[in-house]
Amino acid sequence: MNGHNSEIDLQIWQVVALIPPGKVATYGDIAAQSGLPGAARRVGLALRRLSSDTRVPWHRVINATGRISLPAGSASSHLQRRKLEEEGLVFGANGRLDLRRFRWTPGNP
DNA sequence: GTACTGACCAGAT
DNA sequence: CATCTGGCCAGTA
């Protein structure tokens with residue numbers, strides 16, 4: 001059906017779209033949920049390929065340490081943090097989110 | 001085909 | 001806490 005976009009990207013985007021507001025998932029989580037366990041890096045690439053006006057909530061994907069993985073100080077990293085804060089998430093003084101509180105677990109709304 | 005890269009990860013130091 | 005290390009998987013040159 002879609003000859004040019006990779007099926008993998010579509011699959012990853014669909015999974016990311018499932019993360020509810022106020023929750024986050026790690027790159028590894030998304031990879032596993034997308035049927036690509038261990039391919040966390042592949043998730044970053046898929047998100048990188050999103051257009052700037054996408055509806056996919058890419059900002060809800062962070063790394064396993066609870067931090068934003070985009071280059072520190074970049075416009076995109078600031079945007080991600082702002083979007084998450086708008087959803088009520090609270091960053092620690094060290095710039096980290098508490099995954100025990102905010103991590104999304106599939107099938108558990 | 002090899003070699004290097006990346007919005008990663010877990011464990012070790 | 002900071003760094004490093006090896007591993008992971010797909011993309012790119």
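Here the structure is a predicted model, which means the values were calculated and not measured. In what follows, chains carry the letters A, B, and so on, assigned in the order in which the sequence lines appear, proteins first and then strands, with residues in each chain numbered from 1.
For A:Leu99 and B:dA10, the CG to P distance is 10 Å, given to the nearest whole Å. For A:Tyr27 and B:dC9, the OH to C1' distance is 13 Å, given to the nearest whole Å. Nucleotide B:dA10 holds its C1' atom 13 Å from the CG atom of A:Asn63, rounded to whole Å. If you take CZ of A:Arg48 and C1' of B:dG6, they are 11 Å apart, rounded to a whole angstrom.
Of the possible donor and acceptor atoms, none in the side chain of A:Trp104 sits under 3.5 Å from a partner among the backbone N and O of A:Pro20. With hydrogens and angles disregarded, a donor-acceptor distance shorter than 3.5 Å links the side chain of A:Gln80 to the backbone of A:His59. Remark: the backbone N or O of A:Pro57 is not paired with any side-chain donor or acceptor of A:Lys83 at under 3.5 angstrom.
Each of A:Leu89, A:Leu99, A:Asp29, A:Leu70 was checked for a side-chain contact (heavy atoms from CB on, under 4.5 Å) with A:Ile62, and the lone residue meeting it is A:Leu99. Test A:Leu45, A:Leu50, A:Ile30 against A:Ile12 for side-chain contact (heavy atoms from CB on, under 4.5 Å) and you get one pass: A:Ile30.
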Please list, for nucleotides 2-4 of chain C, all pairs of protein and nucleotide N/O atoms separated by less than 3.5 Å.
none

Could you write out each protein N or O paired with an N or O of nucleotides 6-10 of chain C at a distance under 3.5 Å?
unit_1	atom_1	unit_2	atom_2	d
C:dG7	O6	A:Arg41	NH1	3.2
C:dA10	O3'	A:Arg42	NE	3.1

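To the nearest 0.5 Å, the span separating OG on A:Ser77 from CZ on A:Arg82 amounts to 12.0 Å. For the atom pair A:Leu47 CG and A:Asp9 CG, the distance stands at 9.0 Å (nearest 0.5 Å).
With B:dA7, B:dC9, C:dG11 as the candidates, the nucleotide lying closest to the side chain of A:Ala64 is B:dC9.
If you check every strand for non-hydrogen atoms under 4.0 Å, A:Thr65 touches nothing.
A cation-pi arrangement is present between A:Arg81 and A:Phe91, with the terminal nitrogen or guanidinium carbon under 6.0 Å from the aromatic centre and inside a 45° cone about the axis.
Listed pair A:Arg96 / C:dC1 meets the phosphate criterion, a side-chain N or O lying under 4.0 Å from OP1 or OP2.
Nucleotides C:dA13 and B:dG1 are separated by 13 Å at their C1' atoms, to the nearest Å. For the P atoms, the distance from C:dG7 to B:dA7 is 22 Å, rounded to whole Å.
Taking the charged nitrogens against the carboxylate oxygens, A:Arg60 and A:Glu87 do have a contact shorter than 4.0 Å, which makes a salt bridge.
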